[in-house]
Amino acid sequence: MQKRTCCFSIVILALSLFVFQPVAANTQSPTLRLFPTTVVENIKQTGEAAMAMEESLQDIMLELSKQMESYDASSCDGAEADQGCSEIVRQLSQTYIEMLTQMEGQLPKMERSIGMTKKSLEKRLRQEIGRKMTARDMQKSIAGKSLSTEHSSPSYTRRGRLSEKFKQYYDLVAMGSRMGGNGSLIEVAAEMYLDTRDVTNMIAMTRDEIGRARIFAELNQAYAMITPEMNLMVKKVKVVIFGEVEDGDGIPDPIAGSGEGVYISPLEE
Amino acid sequence: MKPLKPICLYVIVVVLLSIVVTGCQHTQTTRATPPALCTLPTTMNFETAIAESKADLENTACHIRFEAYFQNLLKIAKGSPEMKNRTLFSKFLIWANEQGIITRNQSKKYYNSYFNTTFMSLPNEYNICSSCSKKEVLTREMQKELVLKEEGLLKACGDKQTYYAACKQFNSTLMVLDAVCDACLNE
């Protein structure tokens with residue numbers, strides 16, 4: 001008889017656990033599916049493609065920077081007729097075309113990888129955040145993030161190389177999917193998406209520039225001066241691929257407050 | 001009856017005149033003594049200012065000037081920023097709601113716009129994709145609200161930590177909005 005009672009108690013206990021478990025799980029905030037395995041794999045590939053592009057461009061960019069410094073130091077702007085200046089411009093345009101050629105070799109892989117990452121992130125951002133959340137919910141998720149707070153940047157001004165950034169993204173996403181920090185993952189997804197948008201624009205710009213450079217080559221002409229397009233292209237490569245950003249933007253980092261008496265008002269939203 | 005001496009007459013006239021003059025002055029003082037209706041407190045002590053504001057606002061005729069009272073309190077709090085001012089403001093707003101001066105939503109809006117990191121200018125009814133057409137307006141409203149948070153959190157309460165958290169959330173929210181709206185529009 002005692003045995004039967006014991007069995008009955010166990011069954012009741014098991015049943016109650018079965019019934020109440022989903023209720024307990026539902027009280028937690030829903031996990032956003034921002035990074036399924038395909039997206040994570042795309043991120044990894046994009047990082048590798050960015051690394052290959054950086055390596056191939058590193059020496060050329062250094063050379064280009066030196067030549068541009070020399071151009072500025074010699075006050076060649078507007079004095080292209082000067083023999084010394086025209087020599088600098090000739091060398092500069094040669095290095096520039098070399099840069100474009102190098103980029104052209106890397107573009108297909110980069111374009112494919114970035115395109116896939118952008119597309120899958122775009123879909124996830126739209127479905128998981130754009131349609132499921134109000135703007136206020138989204139702010140609350142960001143405010144209550146549990147992942148690395150050091151990640152959050154004061155504003156969208158990416159620093160550091162693209163490959164490093166994608167490696168960081170990969171690490172954060174891999175860690176985030178284990179830890180389930182929605183808020184920070186939303187920021188990571190958004191920042192990554194904006195990066196892919198920048199790279200996509202840069203790729204389109206590079207294609208245009210390569211087209212222009214080809215026409216010049218076909219006409220057997222070199223660039224006779226530093227064109228605004230040339231300047232813009234070099235700047236874009238520096239910013240997007242090498243992450244060189246001018247200082248002075250954004251809001252300063254928080255000053256350590258006293259932290260005394262954290263007050264929670266009943267009026268808080 | 002003896003006629004009055006000129007000196008006595010003179011004294012009587014002076015006394016009468018002084019009574020008339022003092023009487024007039026007294027009348028003027030009695031007119032100024034009761035505080036003019038709904039006059040904003042001028043004290044520099046924040047807690048006294050709250051008490052005086054409450055006393056005035058108990059009069060229904062002053063309800064219409066609630067915003068002026070609130071702004072005046074903010075000005076006084078800025079003179080001596082302290083963390084506890086946040087609590088005092090919260091209690092004042094709850095009291096104002098209980099007295100029927102402002103609605104619950106209004107009290108929440110005041111509190112959160114000035115003393116919390118949450119941006120009340122962000123819509124809470126529709127999903128983000130539906131709000132994307134008003135992204136520019138939203139950004140401007142959020143910028144204005146960040147100024148209010150600077151007034152409340154930083155200047156009136158000296159709460160640098162919470163204010164900078166609001167700044168960070170402002171930047172992050174704008175960045176996410178930018179990305180999400182781009183994704184919504186590219187469908």
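It should be emphasised that the depicted structure is a prediction, and the values quoted were computed from it without experimental measurement.
Considering only heavy atoms from C-beta on, A:Lys132 stays 4.5 Å or farther from B:Ile128 through its side chain.
Proximity to chain A (any heavy atom under 4.5 Å) is restricted, for B:Asn116, to the side chain, taken from C-beta onward. In this structure, the portion of B:Asn112 lying under 4.5 Å from any heavy atom of chain A is its side chain and not its backbone. Of the two parts of B:Asp159, neither the backbone nor the side chain holds a non-hydrogen atom closer than 4.5 Å to a non-hydrogen atom of chain A. Only the side chain of A:Lys118 comes within contact range of chain B, with heavy atoms under 4.5 Å apart. For a residue to count as touching a neighbouring chain, one of its non-hydrogen atoms must lie under 4.5 Å from one of that chain's; by this rule B:Tyr126 touches chain A with the backbone only. B:Ser107 touches chain A through backbone and side chain together, each having a heavy atom under 4.5 Å away.
The closest side-chain donor-acceptor pair between A:Glu187 and B:Ser172 falls under 3.5 angstrom.
Atom OG of B:Ser90 and atom CD1 of A:Ile264 lie 11.5 Å apart (nearest 0.5 Å). With rounding to the nearest 0.5 Å, the separation of OG1 in B:Thr117 from NZ in A:Lys140 is 10.5 Å. In this structure, B:Asn186 CG and A:Leu125 CG are separated by 11.0 Å, a value rounded to the nearest 0.5 Å. How far SG of B:Cys129 is from CE of A:Met133: 12.5 Å, rounded to the nearest 0.5 Å.
A donor-acceptor pair under 3.5 Å is absent between the side-chain atoms of A:Gln139 and the main chain of B:Leu122, judged by distance alone.
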Would you list the atom pairs, donor with acceptor, under 3.5 Å between side chains in residues 70-78 of chain B and any protein atom, with sequence neighbours excluded?
{"unit_1": "B:Gln71", "atom_1": "NE2", "unit_2": "B:Glu67", "atom_2": "OE2", "d": "2.9"}
{"unit_1": "B:Gln71", "atom_1": "NE2", "unit_2": "B:Tyr114", "atom_2": "OH", "d": "3.0"}
{"unit_1": "B:Asn72", "atom_1": "ND2", "unit_2": "B:Pro41", "atom_2": "O", "d": "3.0"}
{"unit_1": "B:Lys78", "atom_1": "NZ", "unit_2": "B:Glu151", "atom_2": "OE1", "d": "2.6"}

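Top candidate by heavy-atom pairs under 4.5 Å with chain B, chosen from A:Arg126, A:Lys123, A:Glu122, is A:Arg126.
Applying the salt bridge (charged side-chain N to carboxylate O under 4.0 Å, His left out) test to residues at least two apart or on different chains, the pairs with a partner in residues 105-123 of chain B are A:Glu269-B:Lys108.
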